[in-house]
Amino acid sequence: MNQKGVYVVNVIKRYLVGNWKMNQTQEEIRAFFATFKNLVSGITTTNHETWIAPQFVHIPLVHSLFFPNGQVGAQNCSHKEKGAFTGDVSAKALKDIDAHFVIIGHSERRAIFKEDPLLLREKIQVALANKLKIIFCIGETLKERENGDALRIVGEQLNISLNGVASSSEIETEILLAYEPVWAIGTGRTATPEQAQEMHAYIRKLLQEQLKLNSALLPILYGGSVTPENIDALLQQPDINGALVGGASLKANDFAKLFASAAAVQQPHSGGKRINN
Ligand code: PGA
């Protein structure tokens, strides 16, 4: 209870994050925001944040066009602080252009660019050192799920990349997790709300029990073919605190609908807890 005798409830914010991948021109970005802003202008929201990760070179443009509380970030960063790493972009350079966050461990980086959990661990360290928030992605392939290995694989990804990577409080406050089953990304095949909830609850438990983190307030986003049609049912799950969206985030109309859903959903989350009572 606070001084006025009112229960104080800690609630995890909801996050809507657009991952634009390797898409968009400057002209398309300007057109996107002209429509998007128009569509969301009347929507009030108190407990929801909207973030977008465009290509590196578009970060300043998106920064200048996004409304006051929109946050802009990157889809990747180098595992090294600086130096002879031709073609890489450092966390420091991202911070320097006011990036708010960086996505680390996206399955496309893991699969196409062969980024392994130890390299991702280095990226997390360098991003934290440069005061960037991190969206750390984890998720199993279809084969792993069909073999009954989904929980083990996700557990391993978390353990290797996060265990002891930083102080508990840093992990708890600077890192958001995104559960993205690889079989659901860009395929139109979403995990059911129940499948996603099962994994999110498992992740929260694992963070608590194995990594000794206070996971109650750590945001866990779902990603993989999220659309305006399926987002409400996903966000209603108690352990799903937001969505990481690829394809549907590129269309201003769809992203505005996702925004409206994220702003409206009253989540019966299990992560938040009463304090001071
Ligand atoms: P999708 O992508 O929404 O197009 O499936 C999600 C992601 O890759 O983060």
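Counting starts at 1 for both ligands and their atoms, following the listed order. Residue indices begin at 1 and follow the sequence shown.
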Under 4.0 Å from any heavy atom of [X], which atoms of ligand 1 are there?
X	value
G224	5 (O)
K21	2 (O), 7 (C), 8 (O)
S225	1 (P), 3 (O), 5 (O)
A184	5 (O)

Can E122 and K80 be said to form a salt bridge (charged side-chain N to carboxylate O under 4.0 Å, His left out), step by step?
CA-CA 8 Å; E122 285 186 67; K80 294 293 182 194; 3.4 Å; yes
Judged by non-hydrogen atoms, does G186 sit under 4.0 Å from ligand 1?
yes
Any non-hydrogen side-chain atom of P238 less than 4.5 Å from a side-chain atom of Q197?
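Yes - at least one pair of side-chain heavy atoms lies under 4.5 Å apart.
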Do Y222 and T190 make a side-chain contact, defined as non-hydrogen atoms from C-beta onward lying under 4.5 Å apart?
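Heavy-atom side-chain distance check passes, below 4.5 Å.
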Nearest non-hydrogen protein atom, atom 6 (C) of ligand 1
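Looking at atom 6 (C) of ligand 1, the protein heavy atom closest to it is G246 N, 3.5 Å.
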How far is atom 9 (O) of ligand 1 from its nearest protein heavy atom, and which residue and atom is that?
E180 OE2, 2.7 Å
Can you tell which part of N19 has a heavy atom less than 4.0 Å from ligand 1: side chain, backbone, both or neither?
side chain
Taking every non-hydrogen atom, the tightest pair across N23 and W20:
ND2-O, 2.9 Å
When clusters are formed by joining ILVMFWY residues with side-chain heavy atoms under 4.5 Å apart, either directly or through shared neighbours, do L258 and Y179 land in the same one?
yes
T187-ligand 1 polar pair, N/O distance under 3.5 Å:
no
Does any N or O of ligand 1 fall below 3.5 Å from an N or O anywhere on H106, backbone included?
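There is such a contact, yes.
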Please determine whether the number of non-hydrogen atoms from other residues, nucleotides or ligands lying under 6.0 Å from atom CD of E194 exceeds 12.
yes
Can you tell me if NZ on K37 sees more than 12 non-hydrogen neighbours from other groups inside 6.0 Å?
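Atom NZ in K37 is packed in, count exceeds 12.
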Taking the minimum heavy-atom distance to atom 4 (O) of ligand 1, which of G223, G247, A53, G139 ranks first?
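Answer by nearest heavy atom: G247.
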Tell me whether Q75 contacts the main-chain N or O of P54 through its side chain, where contact means a donor paired with an acceptor under 3.5 Å.
yes
